[in-house]
Amino acid sequence: MMRKRNGYPVYPLTVAQKFHLYYLAFCPKKQVVNIGNSLTIGTELDWDELRRAIYKAYERCESMRLRLAEDKDGNWYQYVVDKEEREIEFVDFSNQTMEEAEAEMRKWTEVPFSHHDAPLNRIVMIQMPDGYNGIYLLVDHITMDAQSIICFFKDIIELYCNAKFEGVAYPKEMSSYIAQLEKDLAYEAGCKAKERDEAFFHKLIESSEPIYNGIDGNGKLMAEREKSGNPDARAAVNVSDSVESALDIFHLGEEPTKRLTDFCEKYHVSMVCLLIMGLRTYFQKMNGFEDVSINTAIARRATLQEKKCGGTRIHSFPFRTILSEDKTFLEGIYEIRDRQYEIFRHANFNPVDYFAYRSKIYPNEKGRTYEPMSLTYQPLSLRDKELDKLGDIRYKTKWYPNGATTQGMYLTVMHHPEDNGLDFNFEHQIKAVSKKQLEYLYYYLCRIMFKGVENPNLPIGDIIKLV
C-alpha cells in the first residue's frame, strides 16, 4: 500500500535532490538553494492572458507543484499536488530605476522557502522601467534546475503566444515528473546498470590520486604541505569560513562567440569540451601541473522524457585531465570529448558515493579537495523555431544571486538572449576568490581558447607561452 500525505502518494527524494539537502543542512544561509531569474520581452503584454498562461504552465509541469515533508525519523519525501491556486502577483517597477527594480528582485531571491507542505516557487509578473515586461521566477533548487527553468519559461511564452498570435502552434506536452522519478528510484534501488556505473567510477578513482590547482598558482597547496608536515600532500582547502557570495558576470560578444561555435561545429566537439580545455590549460599555466581536475555538472537529460519532465537532475563529478605540454590543443580537446562520453554513460551514479569512496581511497583532512572550481554550461536558449515566427521580439533574461554559496567558485556559462554571445557567470565566496582574480582568469581563459581555436595543432606548451 502506497503511503500518502494530504491525499497524495509520496515518494523518496532522488540522489540529485538529496545533494541539495546535504549542503543546505550545514549552510547558515538557507536561501542557498534559491534560484532567481527574470525573463522580460520588449513588448506590451496582456497581463490577464499571461496570468492564464502561467496557470496553464503550472498545470502542465508536475515538478512546479512539488511539495516536501519530513517524517518523524527525519527522512524527507515529496509529493505533487493537483493544482496551484495561488494568486499570481503583479509588480509595476516602471516608475523606478533599473537599479532599484533589480535590487528589489535580488531581495526576493534571498528569502528562503519553507520546506514543509508549502509551494517551492514564486512567480511575479513584472513591468520594468526599460519598457520590457515579463516574469520574475524564484524556485527552490531541490525542485528545479536551470534546464527545467528554461523549459518552463518557454512553455509560458509559447502558451501566451499561441493564445495571442496567429500561426503559433500550441506547445507539445511536458512529460511526467512522477514517471521519470519512478525510473530514477528503481535505478537507485539497485540494478545491473548501477553496478556497472559503480565499477566504472571505482576504477577511475583507484587509478591515481589527483592534485589541487589554485586559481593563481600553488600557494594553497604549498601552505597545506607545510601545515600538515606532509611534503607530498595533493589536496588543499579552496573555500573560506564564510558562505557570503557575489555574482560577477563577464560577457563575450556575438562575433567572438561565433568563432568558438564555428570551431566546435567544424571539429564535432561540444562547447563544454572547449570550455574545459580552456580552463584546465589556464590552471596548467598557473600551477605547472599537467594533471588538472575541476567539477563539472551533468544535466542527465538525454531522452525526450528527461528533457521535458522538469525537476532537478544535475549530478556533479570531478573531471580530471592529464595532458602533457607536447600534446596539441586539438588532441587535448578530443581526449576531453572521449572522457566526457564515458562519464555521461555512467552519470546516474550517486556523486555523494563518489566522494565518499574517493576519501576512503585517499584519506584527507575534512574540507580538503582537488578541485578549485565547478563548471556548468547551459546549451539551452529561448530562441526557438516557434518563437522566431514572432519576428524581432527582443528578450532579456537575468539571473539574481541569492547571496550564499558553499563552493569557492562556480562558473555557469549561458547564451545571452540579446546577441547570442556567452555570459560567464562566476558565483564565488567573497572571502575565497576576489573579483580581480576572476578578471585575470577570464582574460586568460579567452586568450587560451582563441589561440587554440585559431591554431588547433599548436602544442599546449606553446599556447601557455604565447598567451
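Between Tyr282 and Tyr440, the two ring planes are perpendicular [angle over 60°; tilted spans 30° to 60°]. Using cut-offs of 30° and 60° for the angle between ring planes, the Tyr22 and Phe26 rings count as perpendicular.
By the 4.0 Å N-to-carboxylate-O rule, Glu244 lies too far from Lys431 to be salt-bridged with it. Taking 4.0 Å as the cut-off between side-chain N and carboxylate O, Lys107 and Glu100 do not count as a salt-bridged pair. Between Lys172 and Asp155, no side-chain nitrogen of the basic residue sits less than 4.0 Å from a carboxylate oxygen of the acidic one, so the salt-bridge criterion is not met.
The one candidate from Thr14, Asn348, Asp184 that meets the side chain to side chain donor-acceptor pair (under 3.5 Å) condition with Arg313 is Asp184. If you run side chain to side chain donor-acceptor pair (under 3.5 Å) between Tyr177 and each of Gln78, Glu62, Lys308, Arg65, only Gln78 comes through.
Side-chain contact, Tyr187 with Asp197: a donor N or O sits under 3.5 Å from an acceptor N or O. Checked by atom type, the side-chain pair Arg337/Tyr341 shows no donor-acceptor distance below 3.5 Å. Side-chain N/O atoms of Asp248 and His428 include a donor and acceptor closer than 3.5 Å. If you check the side chains of Asp140 and His20, you find no donor sitting under 3.5 Å from an acceptor. Between the side chains of Arg320 and Tyr370, no donor-acceptor pair of N or O atoms lies under 3.5 Å. Judged by distance alone, the side chains of Glu427 and Ser245 do bring a donor and an acceptor atom under 3.5 Å apart. Side chains of Thr40 and Tyr136: a donor-acceptor N/O pair is absent below 3.5 angstrom, by distance only. With hydrogens and angles left out, the side-chain atoms of Thr369 and Glu371 include a donor and acceptor closer than 3.5 Å. Checking Glu158 against Asn162 by side-chain atom types alone, no donor-acceptor pair falls below 3.5 Å.
Heavy atoms only, all atoms of each residue included: His315 and Phe349 are closest at ND1-O, 3.1 Å. Shown here for Ile142 and Thr312, the closest heavy-atom pair between the two residues is O-CG2, 3.3 Å. For the pair Gln429 and Ser242, the tightest heavy-atom approach, listed with the atom from each and the gap, is CD-O, 3.4 Å. Closest approach of Gly421 and Thr257 over heavy atoms only: CA-OG1, 3.4 Å. Minimum interatomic distance between Ile463 and Gly452 (heavy atoms only, all atoms of both residues): CD1-CA, 3.9 Å. Across Pro112 and Gln31, no two heavy atoms sit closer than the pair CB-N, 3.9 Å.
Counting only residues at least two apart or in different chains, salt bridge (Lys or Arg N to Asp or Glu O under 4.0 Å) contacts with residues 250-262 comprise Glu255-Arg259, Lys258-Asp262, Arg259-Glu454. Each salt bridge (Lys or Arg N to Asp or Glu O under 4.0 Å) pair with one or both residues in residues 69-81, not counting sequence neighbours, would appear here, but there are none. Screening residues 110-136 for salt bridge (Lys or Arg N to Asp or Glu O under 4.0 Å), with sequence neighbours left out, gives Arg5-Asp117, Glu89-Arg122, Asp130-Lys396.
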For this session: Determine, stepwise, if the pair Ile35 / Met144 fulfils side-chain contact (heavy atoms from CB on, under 4.5 Å).
Result: CA-CA 9 Å; Ile35 309 175; Met144 296 286 269; 5.9 Å; no

Problem set entry | Derivation and outcome, side-chain contact (heavy atoms from CB on, under 4.5 Å), residues Asn295 and Leu375 | CA-CA 6 Å; Asn295 280 316; Leu375 169 71; over 6 Å; no

Exercise. Between Lys307 and Gln147, does a side-chain hydrogen bond (donor to acceptor under 3.5 Å, both in side chains) hold up when you go through it step by step?
Worked result: CA-CA 8 Å; Lys307 281 187 175 82; Gln147 293 221 11; over 6 Å; no

Exercise. What's the verdict on side-chain contact (heavy atoms from CB on, under 4.5 Å) for Met271 and Leu260, showing C-alpha distance, side-chain angles and the deciding distance?
Worked result: CA-CA 8 Å; Met271 179 62 80; Leu260 300 181; 4.0 Å; yes

For this session: Using the side-chain contact (heavy atoms from CB on, under 4.5 Å) rule, take Lys18 and Trp76 through it: C-alpha gap first, then chi angles, then the decisive distance, then the call.
Result: CA-CA 9 Å; Lys18 284 178 190 159; Trp76 286 90; over 6 Å; no

For this session: Would you check, one step at a time, whether the test side-chain hydrogen bond (donor to acceptor under 3.5 Å, both in side chains) holds for Tyr444 with Thr281?
Result: CA-CA 10 Å; Tyr444 278 104; Thr281 305; over 6 Å; no

For this session: Please step through side-chain hydrogen bond (donor to acceptor under 3.5 Å, both in side chains) for the pair Ser38 and Tyr400, ending with a clear verdict.
Result: CA-CA 8 Å; Ser38 64; Tyr400 302 94; 2.9 Å; yes

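Annotation: Phe426 is in aromatic contact with Phe250 [ring centroid separation under 6.0 Å]. A ring-centre distance under 6.0 Å is found for Phe317 and Phe201.
To the nearest 0.5 Å, the span separating NZ on Lys435 from CG on Leu247 amounts to 10.0 Å. Between the CG atom of Asn238 and the CD atom of Gln407 there is a distance of 8.5 Å, given to the nearest 0.5 Å. With rounding to the nearest 0.5 Å, the separation of CG in Asn402 from NZ in Lys29 is 9.0 Å.
Under the ring-ring contact (aromatic ring centres under 6.0 Å, His included) criterion, Tyr160 pairs with no residue, sequence neighbours left out. Among residues two or more places apart in sequence or in another chain, the salt bridge (Lys or Arg N to Asp or Glu O under 4.0 Å) test is passed with Arg51 by Asp48, Glu87. Every residue two or more places apart in sequence or in another chain that forms a ring-ring contact (aromatic ring centres under 6.0 Å, His included) with Tyr377 is listed here: His415.
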